[in-house]
Each structure stands twice: as C-alpha cells, then as structure tokens.
Amino acid sequence: MTKKKKSQEAVDTPEQVIESLGDPALDPFEIEFAPEHREGRGPRSAFVNEHGVVIGDHDYESPQSPLENWSKNTDPTVMAGEEWVHPYKDVGFHTDENRDYFEKGVPPKGGIYMHPTIDVAHPANIDDDPADAADAPAPRKK
C-alpha cells in the first residue's frame with residue numbers, strides 16, 4: 001500500500017482529501033507548463049466540483065463520482081464539462097502530444113484523430129471564410 005493510499009483511508013470528506021495533498025506547487029505529477037500556458041488556467045490546487053468529487057488529487061476513484069454510482073438511469077452528460085478536468089493536474093497532460101504542446105510549444109500534428117477518407121467535423125466547426133480555402137480540408141463525402 002502506498003503512502004498516499006494510507007493517508008486517504010484516514011480522511012472522509014473531499015475537503016480533508018484536499019488538505020491532505022499539501023502544497024499544490026510541490027505536486028510531483030504536474031508537468032512543466034511553458035509560461036504561455038500558465039496564464040488564466042484556473043486553480044492550481046485541487047478542488048471539489050458540483051458533484052462533490054475532488055478534482056486534481058490524482059485519485060480517479062471517488063465514492064461521490066457518477067462513475068462509481070452508475071446505473072441505467074444515469075445521464076452520461078453528467079460527466080461532461082470543464083469541471084471534470086483539472087487545469088494543471090489532469091492525467092491527459094502526460095501524453096507525448098500534450099507534453100510537447102504545453103511544455104515545448106510544439107503544435108499537435110493534424111490528422112492523427114481524423115478518418116482517412118471522410119471529414120466528420122461538425123458543420124459548426126467548419127470555417128466558411130474563402131481566405132482560408134487554401135488551407136481547408138478536403139470536401140465532405142456524402
């Protein structure tokens with residue numbers, strides 16, 4: 001059993017979990033955000049979202065989480081939104097692509113998540129500015 005697990009077994013409330021984490025500036029799991037990615041991100045310390053779940057404690061199981069209380073009546077959209085992502089401590093920042101972007105300023109390579117032959121972008125995200133036509137993706141197949 002890890003030291004973190006032992007300390008979390010002794011606490012009960014989300015507020016106690018946050019207090020047990022100590023100084024958020026000393027978090028060893030946080031990546032080194034480049035200065036341009038530090039401004040306006042949001043809180044550096046862990047917080048409790050509207051569902052009573054601690055976000056930013058690196059523990060992805062919580063008795064208050066909808067994932068731990070899932071039923072056929074649970075609306076999946078309850079897990080959508082910014083309140084589920086910590087602006088500094090989300091596990092997704094540790095991917096190679098995100099570390100390159102947030103630590104070194106290397107933009108992500110386009111197309112890695114695209115369908116090879118069909119543009120499935122939502123119409124609201126398509127820019128109709130003719131000045132951008134040279135950079136536009138291939139026309140949609142219907």
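Worth saying up front: this structure is predicted, and the values here are computed from it rather than measured.
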Step through the shown structure and confirm whether more than 12 heavy atoms of other residues, nucleotides or ligands are within 6.0 Å of CD on E82.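 Atom CD in E82 is not packed in, count stays at 12 or less.
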Assess whether atom CD of E39 is packed by more than 12 heavy atoms of other residues, nucleotides or ligands within 6.0 Å.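 Open.
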Any donor-acceptor pair under 3.5 Å from [X] side chain to [Y] backbone:
X    : Y   : value
D57  : I18 : no
Q64  : V53 : no
K104 : A34 : no
T95  : N98 : yes
R41  : P87 : yes

Between [X] and [Y], is any pair of side-chain heavy atoms under 4.5 Å apart?
X   : Y   : result
V17 : P14 : no
D59 : V54 : no
K89 : P24 : yes

Give me the one residue out of N49, D90, V85 that meets side chain to side chain contact (heavy atoms under 4.5 Å, CB included) with I55.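 Single side chain to side chain contact (heavy atoms under 4.5 Å, CB included) partner of I55 among N49, D90, V85: N49.
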Classify the ring geometry between Y88 and F33 as parallel (under 30°), tilted (30 to 60°) or perpendicular (over 60°).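 Taking F33 first and then Y88, their aromatic rings stand perpendicular (interplane angle over 60°).
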Would you call the rings of H86 and F47 parallel, tilted or perpendicular, taking 30° and 60° as the class edges?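 Parallel, since the angle between the ring planes stays under 30°.
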Minimum heavy-atom separation for P63 and N69, please, with both atom names.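 For P63 and N69, the tightest heavy-atom pair comes out as O-ND2, 3.0 Å.
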To check you understand the geometry: which heavy-atom pair defines the closest contact between P76 and W70, and what is its length?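 For P76 versus W70, the nearest heavy atoms are CA-CH2, 3.6 Å.
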Would a single hydrophobic cluster contain both [Y] and [X], if residues Ile, Leu, Val, Met, Phe, Trp and Tyr are joined by side-chain heavy-atom contacts under 4.5 Å?
X    : Y    : result
F93  : F29  : no
L67  : V78  : yes
V106 : F102 : no

Could you grab the distance from atom NE2 of H58 to atom CG of L21, nearest 0.5 Å is fine?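 Here the rounded value is 7.5 Å.
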I31 side, atom CD1; E103 side, atom CD - distance, nearest 0.5 Å: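 Rounded to the nearest 0.5 Å, the CD1-CD separation comes to 4.5 Å.
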With no hydrogens and no angle check, just 3.5 Å: does a side-chain donor-acceptor pair link T13 and Q16?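 Note: T13 and Q16 side chains meet the donor-acceptor criterion.
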